[in-house]
Amino acid sequence: MESSTFVLFGATGDLAKRKIFPALYNLFADGKLSGPLSVIGLGRRTLTNESFQAGVLDSLHAFSRRKVEDSPELQRFLKSFEYSVLDVGHPEDYRKLLGHVQRREEELGLPQNRMFYLSVGPEFFGEIAANINASGLGDTRGWKRLIIEKPFGTDLESARELNDSLNAAFTEEEIFRIDHFLGKPMVQNLEVLKYSNPVLRALWQNRYIANVQITASETVGVEERAGYYDKAGALRDMFQNHMLQLVMMMAMQLPKGSTPEDVRSKKRHVIQSVRPLLRENLAQNVIRGQYAAGEINGRPVDAYTSEPGIGPSSQNETYIAARLFIDDPLWDEVPFYIRTGKRMKEKSTRIVIEFKEPFNDLHNLNRLNLDPNLLIIDIGPEEGISLQLNTKNPRQHGQLEPVSIRHDSANPELPEAYENLIYDALLGDATFFAHWDEVELSWQWVQPIIEATAGGTLPLHLYPAGSNGPAAADELLGDAHWWLD
Ligand code: BG6
């Protein structure tokens, strides 16, 4: 990997502390950051380099997956962090920043490779990109790249505006849009699982699959994010991005090559083929929910509308479930059931693939009420894969019963999503970043939900905290049911 300067906007923020500093440290400790490192943190507050470095160290102690012990190596790592005050709206601050970046490039003998990480609200993206351009920070003899975080806009139109403003300063190839679900090891494993296992490859299609269920449930509530969450809701916070990315990763056909463009074009094909929602049948395919008071792990919890910062009449959804179809020969008529919510029974992100009942009438086995074969892919917090099969139980007169074969890949040493993604961005590998086309097509697909919600035509169902969501979501599945509830 070529050395570079890592310019971090929002360096005094929460994400930097929890995810970005620990990710950089773990990459450094794993020997993945070759050559000297220059990180320039930016914020509005005045800070000396020393107090900034002390903050970085605190965050490592609190959040690094590796133990942090004092050593010359650790000191070298910390010394590579410097700080500059920057107000995003002040062009002169960017000129000062350019001087700072160039000084460090000279001191450390770094090539002019510059990574700009915008760990700030999306309302600042356009202005920052324009100032990077105008100040000369973007005129480099090496590469320049931009990392941004979701949310990418709040609807189709605002996402397009946001993208146009970024494109004024960065090309699509230079923009790395983080969707941290794409950094999760098991999500990155999905493609490999298919192409390296002929058994799965053969079955990955509508001939054998009855339905696919993708769940991301959380036990936490709105936490301290009322201001953001009450506007975003589960649709913008999780569904438009993480959940639809999981659909793409799950359903994409195997690319012929392994370049980022190969993978992204297969993903694009999936999201392009998701059958559009029609206003007239929206309520039969999309369920919005909001948590009422309830109990989680024996502890009573408040209703969403009693949370600090949330108004008593908020109609915001904390849960969303949808049934969607992919109009492609491989997936024709296979329903995908997707759901995500806060304050649910457990924290779990998983994909369950239910296989079709193969035995219709053969040997009258259907009389035995066979369980279907299930392939369960646990993405987090525990990772694992299990396959549910039917076997004879010799102790029960040869009665058929389901057994589960399970592989657990829980390993505390696994790199975290942010480590994987920052490393890939530094290498210039965009495979596991959201391409603009995917983002735009995802907004396009959810746009009718946004409009129906705004128009008050999509009901909001209450569900008790600690449950698996509103009962109405069960009806989406018709004769089937959610597995592992
Ligand atoms: C974030 C959402 O993108 O993902 C949060 O903004 C959510 O609301 C989080 O809690 C879930 O991520 P993970 O990795 O904990 O499943």
Side-chain angles (χ1 to χ4, degrees), residues 10 13-20 22-23 63 65 117-122 147-154 159 176-190 214-247 249-250 288-291 296 301 304 307-310 314 316-320 338-351 377-384 409-410 412 414-422 432-434 438-439 442-443 446 465 469:
D14 211 43
L15 186 76
K17 195 165 67 187
R18 285 173 185 274
K19 300 289 182 189
I20 303 172
F63 301 109
R65 77 177 159 84
Y117 194 132
L118 310 195
S119 177
V120 294
I147 301 183
I148 48 173
E149 294 272 337
K150 70 161 231 291
F152 309 121
T154 53
F176 290 72
R177 295 179 194 80
I178 286 200
D179 184 307
H180 82 277
F181 272 45
L182 292 177
K184 293 184 187 257
M186 190 53 95
V187 176
Q188 300 200 341
N189 196 16
L190 279 172
I214 306 181
T215 300
S217 61
E218 299 187 85
T219 51
V220 293
V222 61
E223 299 179 286
E224 279 86 46
R225 302 157 81 209
Y228 153 75
Y229 193 83
D230 202 43
K231 288 199 196 81
L235 181 73
R236 295 180 176 90
D237 185 49
M238 292 286 291
F239 196 92
Q240 179 272 338
N241 35 70
H242 305 323
M243 303 310 283
L244 290 179
Q245 282 291 341
L246 290 181
V247 172
M249 292 300 290
M250 156 67 209
R288 295 173 69 240
Q290 186 188 79
Y291 60 85
I296 297 184
V301 293
Y304 177 70
E307 298 270 21
I310 307 291
S314 171
N316 184 38
E317 82 279 341
T318 60
Y319 172 101
I320 185 156
I338 322 292
R339 62 180 170 168
T340 180
K342 301 257 182 217
R343 286 283 191 236
M344 291 175 67
K345 195 163 128 199
E346 57 168 355
K347 166 83 182 161
S348 160
T349 303
R350 72 162 53 110
I351 301 177
I377 302 170
D378 282 307
I379 292 167
E382 268 81 50
E383 281 203 342
S409 51
L414 278 182
E416 287 204 346
Y418 273 85
E419 269 173 77
N420 287 333
L421 294 173
I422 291 176
F432 293 111
F433 291 84
E438 297 159 28
V439 175
S442 301
W443 277 120
V446 302

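We count ligands from 1, going down the list as the structure has it; atoms in each ligand are counted the same way. Sequence positions, counted from 1, serve as the residue numbers for this chain.
- Under the 3.5 Å distance criterion, the side-chain polar atoms of N241 are matched with a main-chain donor or acceptor of R236.
- With 3.5 Å as the limit, one finds a donor-acceptor pair spanning the side chains of T215 and R339.
- Listed by chain and number, residues touching ligand 1 at under 4.0 Å (heavy atoms only) are K150, H180, F181, K184, E218, R225, D237, M238, H242, K342, K347.
- In this structure, the side chain of E416 does not engage the main chain of A23 through any donor-acceptor pair within 3.5 Å.
- A donor-acceptor distance shorter than 3.5 angstrom exists from the side chain of T318 to the backbone of Y291, with no hydrogens or angles considered.
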Identify each donor-acceptor pair in which a side-chain atom of residues 177-190 lies under 3.5 Å from a protein atom, sequence neighbours left out, and give them as a table.
residue	atom	partner	partner atom	Å
R177	NH1	E172	OE2	3.0
R177	NH1	A434	O	3.1
R177	NH2	N163	OD1	2.9
R177	NH2	E172	OE1	2.9
D179	OD1	F181	N	3.1
D179	OD1	H242	ND1	2.7
D179	OD2	H242	N	3.4
D179	OD2	H242	ND1	3.3
Q188	NE2	L182	O	2.9

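- Ion pairing of K19 with D14 is absent here, as no side-chain N (NZ or NE/NH1/NH2) approaches a carboxylate O to less than 4.0 Å.
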